[in-house]
Amino acid sequence: MYDFIDIDLHNKILDKCKDLNITAYMFYIGAFSILLSKFSGNEDIVIGVPVIGRDSMYLNTIGMFVNTIAFRSIVNRRGKYKNGLPQ
């Protein structure tokens, strides 16, 4: 298993993200959705992503404030990548 992405490949991905007007994070979530779709055989994929749950006013508060956002993707295996991005 690889634990890094070649810098040339990453730069190509960043260029593609600029063309699609998306962040690299959304690109990788979309790619992961496509991978899960291929492994599971399902076209409807939901990925839970943790997000910080505190404002700047509460940054010094002790405790764990984590919420989860569900990214849902309907993966069309015969479609284009940009059609498979989470909504």
Side-chain angles (χ1 to χ4, degrees):
M1 189 51 101
Y2 298 105
D3 34 67
F4 65 91
I5 295 177
D6 182 53
I7 192 67
D8 293 332
L9 176 59
H10 182 66
N11 288 333
K12 288 179 184 177
I13 289 172
L14 291 178
D15 290 341
K16 187 64 172 175
C17 290
K18 287 179 186 174
D19 293 342
L20 294 173
N21 197 25
I22 61 172
T23 63
Y25 184 73
M26 290 307 295
F27 183 91
Y28 289 119
I29 291 289
F32 187 57
S33 297
I34 292 168
L35 180 69
L36 288 177
S37 175
K38 288 183 182 273
F39 283 156
S40 68
N42 294 322
E43 291 184 349
D44 191 3
I45 302 295
V46 178
I47 299 173
V49 180
V51 295
I52 190 165
R54 50 174 100 183
D55 310 0
S56 60
M57 184 169 103
Y58 299 109
L59 286 178
N60 294 325
T61 305
I62 297 174
M64 187 169 170
F65 301 96
V66 178
N67 293 323
T68 303
I69 293 179
F71 286 149
R72 181 178 184 197
S73 299
I74 309 288
V75 179
N76 180 355
R77 295 186 194 151
R78 292 171 295 280
K80 296 186 177 192
Y81 175 80
K82 65 181 177 181
N83 296 336
L85 292 171
Q87 300 173 2

Quick one: side chain to side chain donor-acceptor pair (under 3.5 Å) partners of Asn11, sequence neighbours excluded? none
Ignoring hydrogens and angles, tell me if any N or O in the side chain of Ser33 forms a donor-acceptor pair with the backbone of Ile29 under 3.5 Å. yes
Counting heavy atoms not belonging to Asn21, are there more than 12 under 6.0 Å from its CG? no
Please say yes or no: joined through hydrophobic side-chain contacts below 4.5 Å, possibly via intermediate residues, are Val46 and Tyr25 part of one cluster? no
Kindly say whether Val49 contributes a backbone atom to a donor-acceptor pair with the side chain of Thr68 at under 3.5 angstrom? no
Between the CD1 atom in Ile13 and the CD1 atom in Ile7, the distance rounded to the nearest 0.5 Å is 10.0 Å
To check you understand the geometry: which heavy-atom pair defines the closest contact between Ile5 and His10, and what is its length? CG2-N, 4.0 Å
Hits for side-chain contact (heavy atoms from CB on, under 4.5 Å) against Leu36, two or more places apart or cross-chain, chain-then-number order -> Phe32, Ile45, Ile47
Any chance you could measure Asp19, atom CG, to Leu14, atom CG, to the nearest 0.5 Å? 11.0 Å
Look up atom OH in Tyr28 and atom CG in Leu35, then write down how far apart they are to the nearest 0.5 Å. 14.0 Å
